[in-house]
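To keep things clear, I will list the structure first and then write my remarks on it.
In the text below, chain A, chain B and the rest are named by the order of the sequence lines, each starting its count at 1. The analysis underlying the following values was restricted to heavy atoms, covering all of them including side chains, and did not include hydrogens, waters or symmetry mates. What you see is a predicted model, and the numbers here were worked out from it, not measured in a lab.
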Amino acid sequence: MPNFSTRLASWLGLAVLAAGLIAAVLMGPTPAEDRAWAIGSRIRCPVCQGDSIVDSPSESARNMMELVRARIDEGRSDDEIISELLSSYTGALLLDPPAAGATLWLWLAPFAALLAGLVMIWRRFEGRASPAPPMIGTPSSMPGRWILGGGVLILAGAIAIATVGQFRQARPDDQSLAGVAGEGFDPEAVSNETLEAVIAANLENPSINGMRLALANRYFEEGDYQKAFGHYQAVLDSEPAAAEAAAAYTRLGWMVYDGNGETNLGLELIDRGLALVPGDAFALYLKGRVTWCGKADPEAAAELFDRVLTTPDLDPDVRTQVTADLERAESGQSC
Amino acid sequence: MRTVRWAALGLVAVSVGLAVIFSTRFGRDPGLVPSPLLGQPAPTPTLPRLDGSGDFDLSSLRGRVVVVNFFASWCLPCREEQDDLSAAAEAFADRGVTVVEIVYQDTTEAAAAFLEETEFSDQAIYLTDPAGRAAIAYGVFGIPETFFVDQEGVVVGKAVGATDALVLGSTIDAVLRGEEPGQQVLGETFDGP
């Protein structure tokens with residue numbers, strides 16, 4: 001009679017095999033509703049990672065699906081249509097590797113693994129039913145080996161799942177300052193005039209916000225509030241993400257205080273930013289400065305500076321500056 | 001029994017090894033693999049001119065060296081290289097070279113404004129690409145991408161990322177000498193604004 005460890009290892013092994021089969025069925029091709037869908041689901045979107053041209057909302061994928069439909073209307077075969085796409089994009093465009101040539105073993109290996117696993121389990125149960133069972137409890141007994149085998153199977157499954165997860169990872173949504181390749185081009189090196197021209201040419205495109213904020217922040221740091229103001233306002237008018245709106249509110253708050261001397265409005269705008277991203281160190285620091293210098297309230301400012309210093313991973317230069325401000329505010333000095 | 005177990009464990013070990021190898025390779029950008037068009041006849045679609053003055057058949061350029069560039073107004077590196085593309089169009093026109101610039105995923109108005117703002121050449125040909133057929137035919141992953149086609153209509157070179165005067169000049173010279181420059185990765189490419 002096998003002990004608990006043996007049974008557990010056996011069931012775990014079976015569970016891994018069953019999970020693999022279910023995953024293979026779920027992730028495999030679904031019955032095609034039409035030929036275009038069937039072909040499109042085999043073609044990887046060239047500007048995405050892991051999405052087919054059926055699934056991807058990108059313009060490239062939509063164009064490729066239109067081409068597939070047009071070729072079907074022209075009477076082309078599936079192979080002809082796929083070959084046309086592969087002729088310009090390489091075989092990397094295929095989501096499933098071809099079941100022939102060098103990639104044939106990729107299709108055969110899982111079945112070989114499944115067969116080997118079934119043989120192991122069949123042999124195990126055959127051995128249990130035999131009149132001369134192996135010795136149990138000795139260092140070389142079956143349970144130990146089965147636990148080892150089950151453990152290796154689970155490890156292999158975990159690595160395979162992690163690998164698939166990485167393969168299916170989507171590209172980041174914000175493409176404004178991100179590219180496909182990663183060499184040579186530094187957006188930071190682009191001049192303000194170039195960024196202005198790109199933004200002007202894409203006024204209707206909401207994904208331009210990242211670039212707009214980068215430019216506005218650049219003007220803000222240069223002290224050119226007049227130019228920064230318009231871009232922050234445009235970001236707020238575009239139904240931005242919370243972090244984008246918070247960045248805009250915070251800097252607008254500082255600008256109306258620093259540029260126009262409007263302390264209350266400045267604090268209100270910074271508070272709107274803090275409501276969207278609570279605890280933002282930069283917003284807290286600016287609020288502290290406005291409170292100290294505009295409201296002449298060093299005690300309240302000191303509390304805010306103190307909160308800034310609790311932020312982990314604060315830039316050392318910023319920490320030095322805030323610490324100095326805190327000491328002065330705590331001693332009641334004016335800013 | 002022992003043989004079967006060792007075979008099964010060996011299979012598992014090989015699978016784990018392959019999973020690790022694949023996981024390191026999936027991060028590679030397929031846009032950087034050599035274009036299968038290199039050494040093959042260049043696609044020669046007929047496309048509308050950007051200025052609306054009718055269609056242009058790319059096959060009519062057979063016998064000339066053709067530089068095919070994909071660009072858009074929202075593409076920052078495209079702005080970097082635009083002056084050099086126009087300069088190359090002017091400098092090499094008399095040596096049998098034509099620069100063709102094709103709009104990639106952009107409106108006609110924005111692309112025209114982009115050329116007005118930057119630098120355009122009367123020697124270059126500017127085309128639009130409805131439904132992205134030309135971009136698909138050339139296997140464009142992102143822009144800027146530039147293809148170099150020899151007098152026989154064969155793709156002999158490709159530049160991924162922004163070109164400059166040196167790259168354009170040396171590559172065109174190499175094609176005129178009958179060489180095949182192949183693929184160069186110069187910098188980042190973008191697939192949308």
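- Residue B/Phe120 places its CZ atom among 12 or fewer non-hydrogen atoms of other residues, nucleotides or ligands, all under 6.0 Å distant.
- In this structure, A/Arg42 places its CZ atom where only 12 or fewer heavy-atom neighbours from other residues, nucleotides or ligands lie under 6.0 Å away.
- Of the two parts of B/Ala111, neither the backbone nor the side chain holds a non-hydrogen atom closer than 4.5 Å to a non-hydrogen atom of chain A.
- For chain A, the option among B/Ser35, B/Gly161, B/Ala137, B/Pro43 with the highest count of heavy-atom pairs below 4.5 Å is B/Ala137.
- The line from CD1 of B/Ile136 to CD1 of A/Ile53 is 8.0 Å long, rounded to the nearest 0.5 Å.
- Atom CG of B/Asp122 sits in a sparse spot, with 12 or fewer heavy atoms from other residues, nucleotides or ligands closer than 6.0 Å.
- When all heavy atoms of B/Arg133 and A/Glu66 are compared, the pair lying nearest together is NH2-O, 3.8 Å.
- Panel note: side chain A/Tyr89, backbone B/Tyr138; no donor-acceptor pair is recorded below 3.5 Å.
- A/Leu86 approaches B/Pro36 most closely through the heavy-atom pair O-CG, 4.0 Å.
- Within a 6.0 Å radius of CD in B/Glu179, other residues, nucleotides and ligands contribute more than 12 heavy atoms.
- In this structure, chain B has a heavy atom under 4.5 Å from the backbone of A/Ser87, while its side chain stays farther away.
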